[in-house]
Student: 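Following this message is one structure expressed as structure tokens.
Not measured: the values here are computed from a predicted model. Quick note on labels: first sequence line is chain A, next is B, and so on, each numbered from 1.
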Amino acid sequence: MIRFYNTLSGRVEEFKPVRSGQVGLYTCGPTVYDYPHIGNYRAYIFEDLLKRFLLLSGFKVTHVMNITDIDDKTIKGAKALGVSLQDYTKKYIEAFFEDIKVLRILPANYYPRATEHIEDMVKMVKGLLAKGYAYPKDGSVYFSLAKFPDYGKLSKINKDELKAGVRVESDEYEKESVYDFVLWKKARPDEPSWETEFGAGRPGWHLECSAMSTRYLGPTFDIHCGGIDNIFPHHENEIAQSEAYYGQKFVNYWLHCHHLVVDGEKMSKSKGNFYTLRDLLARNINPVDLRFFLLSTHYRKMLNFTFDSLDQAKASRQRIIDFVYELEHQPLTEVSQPQSGSLAAAALTDFTNSLADDLNISAALAALFELIRETNSRLAKNELSPQAASQVLSAIYEMDRVLAVLPEESEEELPAGILTKIEQREQARREKNFALADSIRQELLQQGFVLEDTKEGVRWKKIK
RNA sequence: GGCGCGGUACCCAAGCGGCUAAGGGAGAGGUCUGCAAAACCUCGAUUCGUCGGUUCGAGUCCGACCCGCGCCUCCA
């Protein structure tokens, strides 16, 4: 049984998809006005873990992730550079796809862009106007909270108690009530706009997710994800628009991931603790180490990014890599007293059961590491049969379908010059010229290769 | 003011009513090794922010308090 914490109910609930064996998943994607930062990627990696686990569990997942290519920020950015909106966002869209690839985030089935779904949004605005949930005012169209009594059920905000205090009227448009939100923004000079029967303009921020999610997944779908900061107002507004328009429940399970902070503080450019993936790559950080770091803390817990904790994650991942390498290269012979009992199967069960419990990644990783320790221990005592070793490897590869942190084959290739050096060192060792051997080892270490002398011969591994 | 999250070993982090408080990192000692590395073995919390309470039994439930943090119409 798979259980998730549902923000809507505030409880951990058993997961039951609308259609048996299938999952409709919508995850809030990037606004392409800049490079995403590592906090954004925490959310996307959490969603990737969720999706990979659902796939491992046998579900067919239809995943939709929107790309917000029209909003205040993209318009502002394009204007500042004097380029078209499309030219401006293109660069960041491409960057986003490059980033998710190196982070091993599985691609979604659909990446709808707001500018390509204006028609769907216009249709919703029309419908909402016709049903009386929306009203036009000065060329814009607003959603009236007064018409939607359920407002606040996700964020547990009582709309009658919404304080007009902190940020009054940041919007220049006129509304009936300050709490109403805009569905359609009146066209302004020098801004992209679309002609409609209720006037020229562009969609409000929240509308695209309602229109595009239901377009691909149907009026009621299974899971909607995002960061906790999206709960209010974004997701709350999505619920209002969608449920008002379709007259049925919008989303069954809302899963939100907590923030990433850096050195205990929210990332901000002025504090100098703001990192994009590119910033970290420039510091020679392996993106898969970052993936493992972001993955290894439960998604509903605030995660503190420091370079020290990234190093810890890297070391943990290295332990898994070393183990798999060892097992793949160890020449195993039939042992006299093989241990019975299926270690691997038990570990895999623990692993999946842990993830089924609201993605308890800590417990899942503990199952993996216990398997590693126990197998290593048997290996050291020569109690591991080739069959058992192969079962353990299969189990770990199975787990890695969810984790995706093991090296890929291409990463195992060794540059030609390095191989020559290794052979020279082997020769030196045979001649007991250890001074030369050590100096070659040191030299290769500088180039990022660690040499290990084992009974079966020298082995190398790449470090970063 | 409203809603919510967290404080478990040197660091990260599970456990959320009941066997000796998972797991990872770092550290110490040992085995192996020409030396290393990796691996293995051993050792690290009589104790879970503080103080009360409930209970046969509490990191685990209740109350108060002390810290740290988030959201309350830009935000993953």
Student: Taking the same atom, C1', in B/C67 and in B/G23, what whole-Å distance lies between them?
Tutor: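 Comparing C1' positions in B/C67 and B/G23 gives a spacing of 28 Å.
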Student: Roughly, in whole Å, what's the span from NE2 in A/H206 to C1' in B/U73?
Tutor: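 Checked: the NE2 to C1' distance equals 7 Å.
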Student: Please identify each residue that fulfils ring pair (Phe, Tyr, Trp, His ring centres under 6.0 Å) with A/Y245, with sequence neighbours left out.
Tutor: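 Not a single residue meets the ring pair (Phe, Tyr, Trp, His ring centres under 6.0 Å) criterion with A/Y245.
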Student: Hey, does the side chain of A/N360 come within less than 4.0 Å of B/G15's phosphate (OP1/OP2), counting only N and O?
Tutor: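 It does, given that an N or O in the side chain of A/N360 lies less than 4.0 Å from OP1 or OP2 of B/G15.
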Student: Hey, is B/G59 sitting syn or anti, using the within-90° cutoff around 0?
Tutor: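 You should classify B/G59 as syn.
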Student: Indicate, with a heavy-atom threshold strictly under 4.0 Å, whether A/H298 touches base, sugar-phosphate, or nothing.
Tutor: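 Sugar-phosphate: the residue A/H298, judged by heavy atoms under 4.0 Å, touches backbone atoms but no base.
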Student: My understanding is that a pair needs two contacts under 3.5 Å, Watson-Crick or G-U wobble. By that rule, which nucleotide pairs with B/U73?
Tutor: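 Partner of B/U73: none.
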Student: If you check the A/K301 side chain, which of B/C69, B/C11, B/A14 turns out closest?
Tutor: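 Per side-chain heavy atoms of A/K301, the pick is B/A14.
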Student: Can you tell me the base-pairing partner of B/U54? Count Watson-Crick or G-U wobble geometry only, both distances below 3.5 Å, and say none if there is no partner.
Tutor: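 Base-paired to nothing in any strand shown.
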Student: If you draw the axis of the six-membered ring of A/Y5, does the NZ or CZ of A/R300 fall within 45° of it and under 6.0 Å from the ring centre?
Tutor: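 Ring-cation test returns yes.
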Student: Can we say A/D438 and A/R429 salt-bridge, meaning some charged N sits less than 4.0 Å from an Asp/Glu carboxylate O?
Tutor: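 No, no charged N to carboxylate O under 4.0 Å.
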Student: Could you state the atom-to-atom distance from NZ of A/K314 to C1' of B/A26 in whole Å?
Tutor: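 Distance check: A/K314 NZ to B/A26 C1' gives 16 Å.
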Student: Tell me the partner of B/U33, counting only Watson-Crick (N1-N3 plus N6-O4 or O6-N4) or G-U wobble (N1-O2 and O6-N3) with both under 3.5 Å; none if nothing fits.
Tutor: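 The base-pairing partner of B/U33, which may sit in any strand shown, does not exist here.
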Student: Would you say B/C72 has OP1 or OP2 under 4.0 Å from some side-chain N or O of A/K156?
Tutor: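 A/K156 to B/C72 OP1/OP2: no side-chain N or O under 4.0 Å.
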Student: Specify the residue among A/S155 and A/D311 whose closest nucleotide of RNA chain B lies further upstream toward the 5′ end.
Tutor: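 Final value for this comparison: A/S155.
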Student: Determine if the base of B/G44 is syn or anti; take syn to mean the glycosidic torsion is within 90° of 0.
Tutor: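 Syn conformation here, the glycosidic angle of B/G44 being no more than 90° from 0.
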Student: Between B/G4 atom C1' and A/H259 atom NE2, what is the distance in whole Å?
Tutor: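 Checked: the NE2 to C1' distance equals 12 Å.
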Student: Could you write nucleotides 31-41 of chain B as a row of B, S and -, 5' to 3', where a protein heavy atom under 4.0 Å of any base atom gives B, of only sugar-phosphate atoms gives S, and otherwise -?
Tutor: ---BBBBSSSS
Student: Salt-bridged, A/D72 to A/K76, with N to O below 4.0 Å?
Tutor: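 Answer for the salt bridge query: no.
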Student: So that I know where these two stand, are A/Y110 and A/Y216 an aromatic pair - ring centroids less than 6.0 Å apart?
Tutor: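 Aromatic pair counts; centres sit under 6.0 Å.
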Student: Under a 3.5 Å cut-off for both distances, is B/U47 Watson-Crick or wobble paired, and to whom?
Tutor: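 Partner of B/U47: none.
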Student: Quick one: A/E236 CD to B/C3 C1', roughly how many Å, whole number?
Tutor: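 My rounded result for the distance is 12 Å.
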Student: Could you tell me how far B/A58 sits from B/G25 if I compare only their P atoms? Round to whole Å.
Tutor: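 So the two P atoms sit 33 Å from each other.
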Student: Just checking, any donor-acceptor pair under 3.5 angstrom between side chains of A/T115 and A/D69?
Tutor: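 There is such a pair between these side chains.
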Student: A/Q312 side chain: which of B/C11, B/C72, B/G23 is closest?
Tutor: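 Minimum distance to the A/Q312 side chain belongs to B/C11.
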Student: Between B/G15, B/G70, B/U73, which nucleotide has the shortest distance from any of its atoms to the side chain of A/K266?
Tutor: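 Of the options given, the side chain of A/K266 lies nearest B/G70.
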Student: Between B/G34 and B/G27, how many Å separate the two C1' atoms, rounded to a whole number?
Tutor: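 The answer is 27 Å between these two C1' atoms.
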Student: Using the C1' atom as the point on both nucleotides, what is the distance between B/G49 and B/C35, in whole Å?
Tutor: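 Roughly 47 Å separates the two C1' atoms.
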Student: Would you kindly give the CG-to-C1' distance between A/D289 and B/C12, to the nearest whole Å?
Tutor: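 It is 15 Å, rounded to the nearest whole Å.
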Student: Expressed in whole Å, how much space separates the C1' atoms belonging to B/C69 and B/U55?
Tutor: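 To the nearest whole Å, 33 Å.
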Student: Applying a 4.0 Å non-hydrogen cut-off, can you work out what A/L260 is touching in the nucleic acid: base, sugar-phosphate, or nothing?
Tutor: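 Since a base atom lies under 4.0 Å of A/L260, the category is base.
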Student: Whom does B/C16 pair with, Watson-Crick or G-U wobble, provided both distances fall under 3.5 Å?
Tutor: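 Pair assignment: B/C16 / none.
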Student: Specify the separation, in whole Å, of atom CG of A/D358 and atom P of B/C16.
Tutor: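 For the pair A/D358 CG and B/C16 P, the rounded distance is 13 Å.
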Student: Only pairs with both distances under 3.5 Å count, Watson-Crick or wobble alike; so what is the partner of B/A21 in this structure?
Tutor: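 Partner of B/A21: none.
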Student: What is the pairing partner of B/A28, taking Watson-Crick or G-U wobble pairs with both distances under 3.5 Å in any strand?
Tutor: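 Base partner found: B/U42.
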Student: When you compare B/A21 with B/A28, how far apart are their P atoms, in angstrom units rounded to a whole number?
Tutor: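 My reading of the P atoms in B/A21 and B/A28 gives 26 Å.
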Student: I'd like to know if A/K51 and A/E47 make a salt bridge, using a cut-off of under 4.0 Å between side-chain N and carboxylate O.
Tutor: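 Not counted as a salt bridge, because no side-chain N and carboxylate O are separated by less than 4.0 Å.
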Student: Any donor-acceptor pair under 3.5 Å linking the side-chain atoms of A/H258 with those of A/K301?
Tutor: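 There is no such pair (donor and acceptor under 3.5 Å, judged by atom type) between the side chains of A/K301 and A/H258.
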Student: Is a salt bridge present between A/D453 and A/R459, judged by a nitrogen-to-oxygen distance below 4.0 Å?
Tutor: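 No, no charged N to carboxylate O under 4.0 Å.
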Student: Taking atom C1' of B/C12 as reference, at what distance in whole Å does atom CZ of A/R317 sit?
Tutor: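 Spelled out: CZ on A/R317 to C1' on B/C12 is 18 Å.
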Student: Determine the Euclidean distance between corresponding C1' atoms of B/U47 and B/C32; express it in Å to zero decimal places.
Tutor: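 The answer is 36 Å between these two C1' atoms.
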Student: Whom does B/C5 pair with, Watson-Crick or G-U wobble, provided both distances fall under 3.5 Å?
Tutor: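 Matched B/C5 with B/G68 under the 3.5 Å cut-off.
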Student: Contact class for A/G226 vs. all strands (heavy atom < 4.0 Å): base, sugar-phosphate, or nothing?
Tutor: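 The residue A/G226 makes sugar-phosphate contact but no base contact.
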Student: Checking side-chain polar atoms at under 3.5 Å, does A/E238 have a donor or acceptor matched by the opposite partner on A/S210?
Tutor: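 Per modelled atom types, A/E238 and A/S210 side chains form no pair under 3.5 Å.
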Student: Using the P atom on both, measure B/C5 against B/U42 and round to a whole Å.
Tutor: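 Their P atoms lie roughly 40 Å apart.
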Student: When the distance from OH of A/Y299 to C1' of B/G6 is rounded to whole Å, what number comes out?
Tutor: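 The answer, rounded to whole Å, is 16 Å.
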Student: Using a heavy-atom cut-off of under 4.0 Å over every strand shown, decide if A/E47 touches base, sugar-phosphate, or nothing.
Tutor: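 Since no nucleic acid heavy atom lies under 4.0 Å of A/E47, the category is nothing.
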